Amino acid sequence: CSAYSNLMKLVCRARKFEEVSSILGEMHKRGCNLSSTFTTLIIGYGKAKMFREAIEILDTMPSYGCTPNVITFNSLINLLAESGEHTYCVMVFQRMLEVACTPDSYTYTCMMKSFAKQGKMDEACSLFDEMTEKGWTPSVLTYSALVDGFVKVGEVGSAWLRYEEMKNKGIVPSAYSYGVLLSALRKGKHMEHASELFEEMKERGIANVFAYNVMMDGYGKVGEADKARKLFKEMKAANMRPDECSYHTLISALAKSRRMELAGRYFEKLKEMRKVPN
RNA sequence: CACCAAGAUAAAUUUGAGG
């Protein structure tokens, strides 16, 4: 059975969906548990942007003796949310409730992301309340969805309040999560808030190259190339190795501020490192 | 860099012609 399910993964990756039904048929004949395979298929269709087909799996499952479970629904909802298919997303969530499959923290977070992507922060917040009322604990991903959404609709204040709320609940962001939050603030050009987060990150000793890159990009985009360059130097002084992206970001920041002599110098350094400029 | 595995579901950074 595991050989079959690996085969299904390969079929999805190669987008050979015409092979799907014969594999499912064989697996069924041999009595394999197909639940995980259906999830794989759903994600496969999602990556191929075949949303209709992904959703139809929900109807296919029962004929193979399977019932969609939380993981099935979550996977589907997640890919619809990420792809901006908000209408389908809401439809599937509705359907999940109809078949009495209980949404969990993951489900709510995905739904919040979908609403946030549409700029519908009121709805996103209602879902947040509903989720906590039902006893689910919001994660750093849940809060990141709110922060990102509020920044997108231009409400940095609300975004920041949510961040504080998260900290007050004792949720400690990982380096990765800081990256997500920094990037959200950067997109809205809120570098003062971003730098406050970044300082926090440094105090905790978890600042990384990725975070430096995000900060440099943000400063570059608001025309503060000198701050970007300062961070570049600081990163090296802290024994972190700037990667290719760091160079690309810094060069572009300098070029945007018309500091061409400096941009050229970093461009030469990039080539010396035998990296390919993009 | 590519492929595979662990493990059926989660998020982050760089260039931009054209529209």
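Quick note on labels: first sequence line is chain A, next is B, and so on, each numbered from 1. The shown structure was predicted, so the numbers you read here are calculated from the model rather than taken from an experiment.
Between A/Tyr266 and A/Phe232, the distance separating the two ring centers is shorter than 6.0 angstrom. The distance between the ring centers of A/Tyr108 and A/Phe128 does not fall below 6.0 angstrom. Between A/Phe210 and A/Tyr178, the distance separating the two ring centers is not shorter than 6.0 angstrom.
Note: CE (A/Met61) to C1' (B/U9) measures 13 Å, nearest angstrom. Separating the CD1 atom of A/Ile43 from the P atom of B/G7 is a distance of 16 Å, rounded to the nearest angstrom. Between A/Met240 atom CE and B/U13 atom P the separation is 19 Å, expressed in whole Å. As rounded to whole Å, 10 Å separates atom P of B/A10 from atom CD1 of A/Ile71. Counting to the nearest Å, the C1' atom of B/A8 and the CG atom of A/Asp104 are 14 Å from each other. Atom CG in A/Leu10 sits roughly 6 Å away from atom P in B/C4 (whole-Å rounding). Going from atom CG of A/Asp148 over to atom C1' of B/A10 covers 14 Å, rounded to whole Å. Straight-line distance from the CG atom of A/Asp243 to the P atom of B/U13: 13 Å, rounded to whole Å.
Donor-acceptor pairing under 3.5 Å, judged by distance alone, is absent between the side chain of A/Thr40 and the base of B/A8.
The two residues A/Leu41 and A/Cys12 have their closest heavy-atom pair at CA-SG, 3.9 Å. Closest heavy-atom contact between A/Leu97 and A/Pro103: CD2-CG, 3.6 Å. Across A/Gly84 and A/Lys117, no two heavy atoms sit closer than the pair CA-CD, 4.1 Å.
The side chain of A/Asn69 lies closest to B/A8 when the candidates are B/A10, B/A8, B/U13. Comparing B/U15, B/A8, B/A10 by their closest approach to the side chain of A/Thr109 singles out B/A10. Among the nucleotides B/U14, B/A11, B/A10, the one closest to any side-chain atom of A/Ser177 is B/A11. In this structure, of B/A8, B/A5, B/U13, it is B/U13 that holds the atom nearest to the side chain of A/Asp217. You'll find that the side chain of A/Val180 is closest to B/A12, out of B/A12, B/A8, B/U9. Considering only side-chain atoms of A/Asn74, the nucleotide from B/U9, B/A11, B/U13 that sits closest is B/U9.
Phosphate proximity of B/A8 to A/Asn33: absent, as no side-chain N or O sits under 4.0 Å from OP1 or OP2. For B/A2, the OP1/OP2 oxygens have no side-chain nitrogen or oxygen of A/Arg13 closer than 4.0 Å. In terms of phosphate contacts, A/Lys221 brings a side-chain nitrogen or oxygen within less than 4.0 Å of OP1 or OP2 of B/U15.
A/Ser252 comes within contact range of the sugar-phosphate backbone alone, with a heavy-atom separation under 4.0 Å but no base atom that close. Within the nucleic acid shown, A/Ser36 comes within 4.0 Å of at least one base atom, counting heavy atoms only. Among the atoms of the strands shown, only primed sugar atoms or phosphate atoms (P, OP1, OP2) are found under 4.0 Å from some heavy atom of A/Thr249.
Ring-to-base geometry places A/Phe210 in a stacked arrangement with B/A12 (centre distance under 5.5 Å, plane angle under 30°).
With sequence neighbours excluded, no residue forms a ring-ring contact (aromatic ring centres under 6.0 Å, His included) with A/Phe73.
Aromatic ring pairs are classed by plane angle as parallel below 30°, tilted from 30° to 60° and perpendicular above 60°; the pair A/His193 and A/His190 is perpendicular.
Here A/Arg265 contributes atom CZ and A/Leu254 contributes atom CG; the two are 9.5 Å apart, rounded to the nearest 0.5 Å.
Taking the P atom of each, B/C4 and B/A8 are spaced 16 Å apart, rounded to whole Å. Rounded to whole Å, the P atom of B/A10 lies 22 Å from the corresponding atom of B/U14. Only the P atoms considered, B/U9 is 13 Å distant from B/A5, to the nearest whole Å.
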Dot-bracket for RNA chain B, 5' to 3', counting Watson-Crick or G-U wobble pairs under 3.5 Å, with [ ] for crossing pairs and | for inter-strand pairs?
-> ...................
